[in-house]
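Below: the structure, in structure tokens.
Just so we're on the same page: letters track the sequence lines, and every chain starts at 1. What you are looking at is a predicted structure, and each value in this text was computed from that prediction instead of being measured.
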Amino acid sequence: MEYNFIEIEKKWQDEWRKRQTYKVSEESNKQKFYVLDMFPYPSGAGLHVGHPLGYIASDIYARFMRHKGFNVLHPMGYDSFGLPAEQYAIQTGQHPAITTEKNIARYREQLDKMGFCYDWSREVRTSDPSYYKYTQWIFSLIYNAWFNNEKQAAEPIHTLVSHFETNGNFGVNAAIDEDWFTKVDLSKFFFGKNWEGDFTATDWKSMNEEQQQLILMHYRLTYLADSMVNWCPALGTVLANDEVKDGLSERGGHPVEQKLMRQWSMRISAYAERLLQGLETIDWSESIKEVQRNWIGRSEGARVKFQLEGRSEMIEVFTTRPDTIFGVSFMTLAPEHELVNSITTPEYREAVEAYQAAAKLKTERDRQSDVKNVSGQFTGAYVIHPFTGAQIPVWIGEYVLAGYGTGAVMAVPAGDQRDYDFAKKFNLPIPNIFEGIDISEKAESSKEAVLCNSDFLNGLNYKSATPRVIAELEKIEAGKGKVNYRLRDAVFSRQRYWGEPFPVFYKGEIPYLIGDEKLPTVLPDVDKYLPTKSGEPPLARAADWKFTDEDGNSYRMEYNTMPGWAGSSWYFLRYMDANNATEFASREKVNYWGQVDLYMGGAEHGTGHLLYARFWTKVLYDLGYIGFDEPFKKMINQGMILGRSSFVYRIKDSQQFVSFDKKDQYETQALHADISLVDSDVLDIEAFKNWLPEYANATFILNDEGKYICGTEVEKMSKSRYNVQTPDELVEKFGADTLRCYEMFLGPVEQSKPWDTKGINGVHNFLRRFWRLFHDAENQMAVSAEEATKAELKVLHKTIKKVTDDMQRFSWNTVVSTLMIGVNELTDLKCKKQSVLEPMLVLLSPYAPHMAEELWAKLGHAESITTAQWPLFNEAHLQDDAFDYPVSFNGKTRFNISLPVDFTPQQIEAEVLKHELTPKYLEGKDPKKIIVVPKRIVNVVV
RNA sequence: GCGGGCGUGGCGAAAUUGGUAGACGCACUAGACUUAGGAUCUAGCGCUGCGAGGCAUGGGGGUUCGAGUCCCUCCGCCCGCACCA
């Protein structure tokens, strides 16, 4: 065997481990570069061929940058808290830590086999107490912070407290719920006053500890509050908005309902604007930025207050079209709106309550699928138009969402299709407020339309009317300009076992932090991983789990755990100083490594991990712990590798299987066949019979060639479809180097594509040919010190240029092609010269590190090839004495003329004209202009 | 509905700033060497034409000496968001 990849790969993996080849230190005068993969959740199934796609690409890039002379941080770890290990624990009683440990060992083994250059001394595991100690520490930090809208930044809570002590809360512009004061019971305090949340320094100082804490809770960046949450009964836990898709849980697809629960939340909404603006400063794909922009959902408009007729309260609405205010003919509230009950008149009470009850019964999913159906109910109440004083009926309707804006809309049927449909259905007036526009069929939503019947706005359009109407509203104190965001605060509690415990205990109802010096708060053991009988989270089963203070008093702990995204929101910082036992990471090291320069991972985390990590980074930045406020400078999202499933066709109610090409003659049922039983779509019949007991007696109708042909389909890889390709078998058959090259060769990394091993032979051949370049027919090294010829240097430098360019523009796939061309050409030239082959080897080494390392050693180098410099491109070698200039004449006929390369355009022109002026090409035509363009194409214009 | 991306041989794909479209690989065809071939080597391989040539990058139009690339329009596919007021 000539290229013995099995031996070579094992040898070098051992060597690398022994020599600690990939260990990096921040004590370096080189420039840093940080290449990061999204760390995996170590599931029981192990890696499939899709996983390594991104890992290979980033590994190649890390190796490339190392050759380019950078000090490269390229770490790996595990997002090891999570649901599957816990579900497994519930079924088997095995502690999730054991399952996790086992899975990690398997992942590590697979990762090692791929020859990745991770610095494993920096490994992190989110479930390790030495790691989650700092997850808890960051939680405490966020808890002890508030968001100053004035500065658009988080500040330590003590700055707020000292403000309260001197000025009360006057002049504080904090991110806080507008109606927060309605949720704090300070009635005995502000007895007799119509309290709207203001308090003086004197008020503050006379409050007791509990009352102060209750108020502070509303300002904190992470807070405990009763909020409407996504409750998933099947999983027994609440979920964040991004974990719910179409009203079903993202994991498992279980129904999710809305429930009012006392939960920890993260005030990410405070950062809406900065999360939006920050996108402009980072190099991410447009599509994923768009996902985040949508999720943040910024819209400009106004809040307008409408006085309720005969009552003291106002109803506040949010609108993006305050300019259409003269077209308001009714108002609609969400069925859950808090004023509905109090404003409904007795005669409508029954109908309103029935409507509310019906709406409540519907799941989120039903409500979404019922979008086309217009429904609503009049409440009997009226509000007064702030400008015209007209009486406006107040309705409730499902199309208004409680969670967006104020949960109430001013309905302008002329300008909004939903309001229009509602008005039509319930026979409400549709006043026209647009000049010369017919609204008898549908609403006019264009922002260009000119307003009429609108008093002082007549003749204006959206752009000119909006500032005007906002000014008027402010003048009469009926409203103000307002930017609204769709982004909601993120629920931070989970009723699960396998997650970070909160560093929190309770005195009565008031939560207190466990001091930083007492962290980590270690996850206690429990007898079962299920909720208690009374419905408390699993941690409540730990009977002795209590907080005890200096005086020996013990207190109840927080029984919820943190969500999966807690640990992953800051892990990229921990890698910088993974073994620090006193800080989350030292400031010097964070300063040295800085932002992640290249982040590689799936695009599916757009509204989850990637948003939360950006959020936490900004908080840490605001509070002065790190020096940057965007974590990931550049990101590339690798596509998914899809599986190619094979199908057999069973004739209905029989044990007879028919070949794909004859299946249309029968009534058949398609069944997945394990892809290991199929080769080039031909089924191994004996193996199939032995595969599952139910097929032992199967009979087959073969095609005319006597073969059983399977059908195929491209699907996501999964166990149940029997189409999972693990890297292991391919590594065994072709070697890791081949697999690395092949996965890159498949196409652009960003693209999703079906896994197809057909082409792997071609790539394997390429590596064998590369190997053969260095050897003679007897497989002996045959590299000479002879001087390279011009032709050989030309091939080399052409390859250096293209590979370097392609690496720099993250075009992993074209690099392989370029190397193939180089090898083919050098083979044709029978080039076996060290001065050519050695630089070629360095170009190959990021893709096929094992082979490169082996040949590098055979060339007599004692140091690892990772220390080799990236070859320098020398333009001079690409230049010829003469160049064939393609000439196009009249845009049609093309021919070449040979000219010295250093000819100026003028000389070229003269020469071309000389050639052109032959009767053959120039009968009756006069060339007027010569254009010489970069690739030395000469156009003769006549 | 709104937003983003994409459309090139039998297949995966190249073409980086508008400059010889289809590099490289797979599959296929023919030949050589072979007891054999899922090994290796040689040649061919967009369509059309005996040929010189002509036609080709989803369809139509435009800008340009020159368009896969830029502009307009239509068609198709993928992804994200969605009674968000």
Next on the checklist: With a 3.5 Å cut-off and heavy atoms only, can you find an N or O donor on one side and an acceptor on the other between the side chain of Lys801(A) and the base of rU16(B)?
Outcome noted: no
Quiz item: How far does the C1' atom of rU20(B) sit from the matching atom of rG12(B), given to the nearest Å?
Solution: 24 Å
Any Ser299(A) side-chain nitrogen or oxygen under 4.0 Å from OP1 or OP2 of rA85(B):
yes
Taken to the nearest whole Å, CH2/Trp284(A) to P/rG80(B) is 17 Å
What is the ring orientation for Phe426(A) with Trp395(A), classed by angle as parallel under 30°, tilted 30 to 60°, or perpendicular over 60°?
-> tilted
Q. With a 4.0 Å cut-off, would you call Lys758(A) and Asp756(A) a salt bridge?
A. no
Here the distance between atom P of rG12(B) and atom CD of Glu750(A), to the nearest Å, is 18 Å
| When you compare rC24(B) with rG9(B), how far apart are their C1' atoms, in angstrom units rounded to a whole number? | 15 Å
Within the distance-only criterion (no hydrogens, no angle test), does the side chain of Ser329(A) pair as donor or acceptor with the backbone N or O of Pro429(A) below 3.5 angstrom? yes
message = Measuring to OP1 and OP2 of rC84(B), would you say a side-chain N or O of Arg321(A) lies under 4.0 angstrom away?
response = no
Is Arg488(A) close enough to rC84(B) that one of its side-chain N or O atoms is under 4.0 Å from OP1 or OP2 there? no
d(Thr332(A) OG1, Asp419(A) CG) to nearest 0.5 Å is 6.0 Å
Here the residues of residues 288-297 of chain A within 4.0 Å heavy-atom distance, strictly under, of RNA chain B are Glu290(A), Val291(A), Asn294(A)
Rounded to the nearest 0.5 angstrom, the CE-OG1 distance for Met820(A) and Thr818(A) is 10.0 Å
Practice item. Sticking with atom C1', work out how far rC65(B) lies from rA14(B), rounded to a whole angstrom. Key: 26 Å
Rounded to whole Å, the NZ-C1' distance (Lys798(A) to rA23(B)) equals 10 Å
Comparing Met410(A) with Arg772(A), nearest RNA chain B nucleotide closer to 5' gives the residue Arg772(A)
Glycosidic torsion of rG37(B) (syn if within 90° of 0, anti otherwise) classifies it as anti
Contact class for Arg298(A) vs. all strands (heavy atom < 4.0 Å): base, sugar-phosphate, or nothing?
nothing
message = Less than 4.0 angstrom from a charged side-chain N to a carboxylate O is my criterion; do Glu316(A) and Lys305(A) meet it?
response = no
Pairs under 3.5 Å (Watson-Crick or G-U), crossing ones as [ ], inter-strand ones as |: RNA chain B comes out as (((((((..(((......[....))).(((((.......))))).(((....)))..(((((..]....))))))))))))....
Problem - Nearest-Å distance once atom C1' is located in both rG46(B) and rA15(B) - result: 16 Å
Expressed as a whole number of Å, how far does the P atom of rC81(B) sit from that of rC72(B)?
-> 28 Å
Testing rA15(B), rA85(B), rG4(B) for proximity to the side chain of Ser287(A), the answer is rG4(B)
Does Lys802(A) count as lying over the ring of Phe873(A), i.e. NZ or CZ under 6.0 Å from the six-ring centre, within 45 degrees of the axis? no
Would you say Gln751(A) places a side-chain N or O within less than 4.0 Å of OP1 or OP2 belonging to rA13(B)?
yes
Taken to the nearest whole Å, NZ/Lys830(A) to P/rC41(B) is 12 Å
Same-atom distance (P) from rC28(B) to rC2(B), integer angstrom
47 Å
For rC79(B) versus rG25(B), give the span between their C1' atoms, rounded off to a whole number of Å.
28 Å
Notebook entry, point to check: Would Asp806(A) and Thr814(A) count as having a side-chain donor-acceptor pair, cut-off 3.5 Å?
Noted result: yes
Rounded to whole Å, the CH2-C1' distance (Trp812(A) to rC24(B)) equals 19 Å
**OP:** For Asn765(A), answer base if it contacts any base atom (sugar-phosphate contacts may also be present), sugar-phosphate if it contacts only those atoms, and nothing otherwise; contact means non-hydrogen atoms under 4.0 Å.
**Re:** sugar-phosphate
By nearest-nucleotide position on RNA chain B, the 5'-leaning member of Asp756(A) and Met820(A) is Asp756(A)
Under 4.0 angstrom, heavy atoms only, what part of the nucleic acid is Pro748(A) near: base, sugar-phosphate, or nothing?
sugar-phosphate
Regarding the side chain of Phe745(A), the nearest nucleotide among rG4(B), rA85(B), rC24(B) is rC24(B)
Rounded to whole Å, the CG-P distance (Asn761(A) to rA27(B)) equals 7 Å
Reckon Asn824(A) has a side-chain N or O less than 4.0 Å from the OP1 or OP2 of rG25(B)?
yes
Exercise. Are side-chain N/O atoms of Tyr612(A) and Asp242(A) paired as donor and acceptor at under 3.5 Å?
Worked result: yes
Of the candidates rA85(B), rU16(B), rC24(B), the side chain of Tyr404(A) sits closest to rA85(B)
Q) Taking atom types as modelled, is there a side-chain donor on Asn779(A) or Trp771(A) under 3.5 Å from an acceptor on the other? A) yes
Quick note, Phe318(A) side chain, CB onward, closest among rU16(B), rG25(B), rA85(B) is rA85(B)
Within the structure shown, what part of the strands sits under 4.0 Å from Asn813(A) by heavy-atom distance: base, sugar-phosphate, or nothing? sugar-phosphate
| field | Lys/Arg N to Asp/Glu carboxylate O, Glu875(A) vs Lys794(A), below 4.0 Å | value | no
Is any side-chain nitrogen or oxygen of Arg486(A) closer than 4.0 Å to OP1 or OP2 of rC2(B)?
-> no
With the side chain defined as heavy atoms from C-beta on, Val409(A) is closest, among rG4(B), rU16(B), rA85(B), to rA85(B)
> Do Asn294(A) and Glu290(A) have a side chain donor and acceptor closer than 3.5 Å?
Replying inline: no
What's the gap between rG53(B) and rC71(B) when it is taken at their P atoms, as a whole Å value?
35 Å
note: Leu642(A), atom CG; rC78(B), atom C1'; distance rounded to Å ~ 12 Å
Where the side chain of Glu444(A) meets the backbone of Ala414(A), is there a donor-acceptor pair that is under 3.5 Å apart?
no
Taken to the nearest whole Å, NZ/Lys753(A) to P/rA14(B) is 9 Å
